[in-house]
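Report on the structure given below.
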Amino acid sequence: MPEGPELALAGRYINEACGGLVFSGGAERSAVGRGPEVPFRSEAYRLGAAARGKELRLRLEPLGAGSPQALVFRFGMSGGFRLRPAASPPRHAHLRFLTRESPPRALCFVDARRFGSWRLGDAWQPGRGPCVLSEYQAFRENVLKNLDDKAFDKPICEALLNQKYFNGIGNYLRAEILYRLKIPPFEKARTVLEALKQQEQERRKKNSSLPLSKKLKRDNPDLLELCHTVPMEVVAAEKNLLDPDHADNHTAFKNWLQCYGVPGMSSLRDHNGRTIWFQGEPGPMAPKGQKSRKKHAGPKADPDAPTTEVTTRASKRRSRRAENPATSAMKKEEEEEEEAVPDPPRRGRARARRAAAAAPASPKPEAPVKATRRRASARKGAGAAPAV
DNA sequence: CGTCCACGTCTAC
DNA sequence: TAGACCTGGACGG
């Protein structure tokens, strides 16, 4: 679950779970990890982490002599850290740091899809802006001082994924943030942000003549504030357990979502092919010729008797939550498909069909399948060794 | 069994 | 503005 909050939580997890541990040896890399070998070795060292947006920096600090080493990770779609017994590491562990404990444990960078990576050194990726979580003021100023950037010519929902300005915002956060203000996702970014800037200036004037007690309360948070507070909510909601993949966190997270993937909400593909979830009007810059779909309550989540007819209208998980009283959330139903325009320019449909994918059945999922190694047998499947 | 979908970047017609 | 890069879970036949 890697957007800003998950990176922040990973950093906290590492510091809390590993802060008191002593590590030893080198960093063991899997054959297929998307990152370089780590030129570091120490009989006794500590680990410390810090997150910034969608990056996480790990520092390896020798207790005795030796130079420290820093690494900067990106999680891609599926990356994360786990502290596990070294003898039974998770599948897809691509980098491991071993503790000096008697049965040793390993802090593992785990990443099933391998879109994540790491680099040597402590430099953040140039071009990524300040973190929406940990550098709120700098983040806000960076946006408001650069509204002439063509990045803000785009719809607000697309601008929100631009890590030069919104480092840490990802696909679920953009939906949740826009939903809180009911901003149409395809409203032009600059329009939204100029208005916000204007309000800010008016507010400043007034505030200067107000008692301090009135200044402090932000009762109508603007979009940029929500870019900070909404991800902070996720950090708070998932703070439980020192185990990133325990079920409670997942449940808390699903419960927390108000819009992203929630039954009754609408969705569209944006101009980059990413799904944006929203409620209400899509806004003026919405892609043409696309049907905005509404999510029905899924067949799962329906613990009814086998015989019953469907009727599973009501949204499941968000059963309670007295949200959106005003708007007619989901009224008649039936009017699902909700088209927008005919669709003569019916192109772009293609969802990238995997053509390649040689190796119909590679014996070792983790092995560098590389060349056209076709085997007609060897059904590997699960249970494989983690291949580190 | 198969198809579609996924919390993110990258680079190449 | 399409793919490419990957694995795996959900769901359908």
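Here is the naming used below: chain letters follow the sequence lines, and residue numbers restart at 1 for every chain.
The side chain of A:Ala112 lies closest to C:dG8, out of B:dT9, C:dG8, B:dC5. In this structure, the nucleotide among B:dA6, C:dC6, B:dT9 sitting nearest to the side chain of A:Tyr260 is B:dA6.
Separating the C1' atom of B:dT9 from that of C:dG9 is a span of 22 Å, rounded to the nearest Å. Atom P of B:dC1 sits at a distance of 23 Å from the matching atom of C:dC6, rounded to the whole Å. Using P as the reference atom, C:dG3 and B:dC5 are 15 Å apart when rounded to the nearest Å. Using C1' as the reference atom, C:dT7 and B:dT11 are 22 Å apart when rounded to the nearest Å.
In this model, the phosphate group of B:dT9 is approached by a side-chain N or O of A:Gln163 to a distance below 4.0 Å at OP1 or OP2. Put simply, A:Arg128 has a side-chain N or O that comes within less than 4.0 Å of OP1 or OP2 on B:dT9. Contact between the side-chain N/O atoms of A:Arg174 and the OP1/OP2 oxygens of B:dC7 is not found at any separation under 4.0 Å. A:His92 has a side-chain polar atom (N or O) that falls below the 4.0 Å cut-off from OP1 or OP2 of C:dG8. Side-chain N/O atoms of A:Thr275 include one lying less than 4.0 angstrom from OP1 or OP2 on B:dA6. In terms of phosphate contacts, A:Arg113 brings no side-chain nitrogen or oxygen within less than 4.0 Å of OP1 or OP2 of B:dC7. For the pair A:Arg114 and C:dT7, the criterion of a side-chain N or O lying under 4.0 Å from OP1 or OP2 is met. Under 4.0 angstrom from either OP1 or OP2 of B:dT9 there lies no side-chain N or O belonging to A:Arg34.
Taking atom CZ on A:Arg119 and atom P on B:dT9, their separation rounds to 12 Å, with Å as the unit. Following rounding to the nearest Å, A:Tyr172 (OH) and B:dG8 (P) show an atom-to-atom distance of 9 Å. A:Asp111 places its CG atom 18 Å from the P atom of B:dA6, with the value rounded to the nearest Å. Nucleotide B:dC7 holds its C1' atom 6 Å from the CE atom of A:Met77, rounded to whole Å. Spacing between atom CZ of A:Arg274 and atom C1' of B:dA6 amounts to 9 Å, rounded to whole angstrom units. Taking atom CE of residue A:Met285 and atom P of nucleotide C:dT1, one finds them 10 Å apart after rounding to whole Å. As rounded to whole Å, 11 Å separates atom P of B:dT9 from atom CG of A:Asn171. Rounded to whole Å, atom P of B:dT9 lies 8 Å from atom CG of A:Asn167.
Using bins of under 30°, 30° to 60° and over 60° for the plane-to-plane angle, the ring pair A:Phe75/A:Phe109 lands in the tilted bin. Ring geometry, A:Phe166 versus A:Phe152: the interplanar angle exceeds 60°, so the pair is classed perpendicular (tilted spans 30 to 60°).
Using a 4.5 Å cut-off on side-chain heavy atoms (C-beta onward), A:Arg174 and A:Ile276 make contact.
Base pairing analysis places C:dC5 opposite B:dG8; the two distances defining the Watson-Crick or G-U wobble pair are each below 3.5 Å.
Stacking of the aromatic ring of A:Phe75 onto the base of B:dG8 is not found under the criterion of centres within 5.5 Å and planes under 30°.
Under the 6.0 Å cut-off for aromatic ring centres, A:Phe73 and A:Phe81 qualify, their centroids lying closer than that.
In the hydrophobic clustering of ILVMFWY residues, with side-chain heavy atoms under 4.5 Å counting as a link, A:Ile14 and A:Leu95 come out together.
Residue contacts shown for A:Glu55 are absent, as no nucleic acid heavy atom lies under 4.0 Å away.
Of all heavy-atom pairs between A:Met265 and A:Cys259, the closest is CG-O, 3.3 Å.
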